[in-house]
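First up is the structure itself, then whatever we jot down about it.
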Amino acid sequence: MDNRVPGGDAYLEALAERLRSEGWHARVIPSAGEAGLVRVVNPSAPPLNDDITVGPDRAGLWWFRWSFGVRIAHVDNLDIATARIIRVLGCPGR
């Protein structure tokens, strides 16, 4: 599957900025020739972390994805992506 996308890193930068605004550690790690990834770390529990990527589905729509490939949200839905990442990597009961 071709992961090159014009502006792919821009989607990742936007996601990282949104996560940082919520108090999370997030940084974009670029990759030559492909969209990079966002390394997300729960500031309250660093072992709760993941690398978020972007990639297309079969119809050519681009999605944020967990490191294991499951879709999180469409790249244009930063609010949904941020909320899902925080919910999954968050600390229950805090």
Side-chain angles (χ1 to χ4, degrees):
M1 186 173 288
D2 183 4
N3 282 338
R4 289 170 298 189
V5 58
D9 284 341
Y11 291 125
L12 295 172
E13 288 286 354
L15 178 62
E17 180 59 33
R18 183 70 59 90
L19 287 161
R20 286 190 296 267
S21 76
E22 295 289 333
W24 284 66
H25 300 298
R27 70 180 169 106
V28 174
I29 300 172
S31 177
E34 297 184 344
L37 59 88
V38 176
R39 177 142 309 139
V40 181
V41 178
N42 181 326
S44 300
L48 297 174
N49 66 81
D50 203 358
D51 293 335
I52 308 302
T53 62
V54 292
D57 62 15
R58 290 184 182 173
L61 299 174
W62 283 79
W63 298 83
F64 292 114
R65 296 178 181 273
W66 296 107
S67 59
F68 48 92
V70 172
R71 293 185 297 192
I72 299 169
H74 187 268
V75 294
D76 290 332
N77 287 324
L78 286 175
D79 292 337
I80 293 170
T82 301
R84 287 179 179 164
I85 292 165
I86 289 172
R87 185 180 70 234
V88 170
L89 299 179
C91 296
R94 286 193 179 182

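Counting heavy atoms from C-beta on, the side chains of W66 and I85 come closer than 4.5 Å.
Taking hydrophobic clusters as Ile, Leu, Val, Met, Phe, Trp and Tyr residues chained together by side-chain heavy-atom distances below 4.5 Å, V54 shares a cluster with I72. V88 and I86 end up in the same hydrophobic cluster when Ile, Leu, Val, Met, Phe, Trp and Tyr side chains are linked at under 4.5 Å. A single hydrophobic cluster is not seen to contain both I80 and F64; linkage of ILVMFWY side chains at heavy-atom distances under 4.5 Å, directly or through other members, places them apart. No continuous path of hydrophobic side-chain contacts links V41 to F68 [ILVMFWY only; heavy atoms under 4.5 Å].
N42 places no side-chain N or O within donor-acceptor distance of the main-chain N or O of N49, the cut-off being under 3.5 Å. No side-chain donor-acceptor contact under 3.5 Å links D76 to the backbone of H74.
Nearest approach of G23 to P43, heavy atoms of both residues: O-CG, 3.1 Å. Between P30 and V28 the shortest heavy-atom distance is CD-O, 3.6 Å.
Atoms CH2 and CZ, from W62 and R71 in turn, are 13.5 Å apart once rounded to the nearest 0.5 Å.
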Show your reasoning for whether side chain to side chain contact (heavy atoms under 4.5 Å, CB included) applies to L89 and V40. CA-CA 9 Å; L89 299 179; V40 181; 4.0 Å; yes

Apply side chain to side chain contact (heavy atoms under 4.5 Å, CB included) to R65 and I52, showing your working. CA-CA 6 Å; R65 296 178 181 273; I52 308 302; over 6 Å; no

Do W63 and D57 pass the side-chain hydrogen bond (donor to acceptor under 3.5 Å, both in side chains) test, and can you show the C-alpha distance, the side-chain angles, and the key distance before you say yes or no? CA-CA 7 Å; W63 298 83; D57 62 15; 3.0 Å; yes

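Side-chain heavy-atom separations under 4.5 angstrom define the hydrophobic clusters, and the remaining members of the one that includes L37 are I29.
In this structure, a donor-acceptor pair under 3.5 Å is present between the side chains of S67 and D50.
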In residues 14-22, what donor-acceptor pairs under 3.5 Å come from side-chain atoms, sequence neighbours left out?
{"residue": "E17", "atom": "OE1", "partner": "R20", "partner atom": "NH2", "Å": "3.2"}
{"residue": "R18", "atom": "NH1", "partner": "D79", "partner atom": "OD1", "Å": "2.2"}
{"residue": "R20", "atom": "NH1", "partner": "A26", "partner atom": "O", "Å": "2.6"}
{"residue": "S21", "atom": "OG", "partner": "R18", "partner atom": "O", "Å": "2.6"}

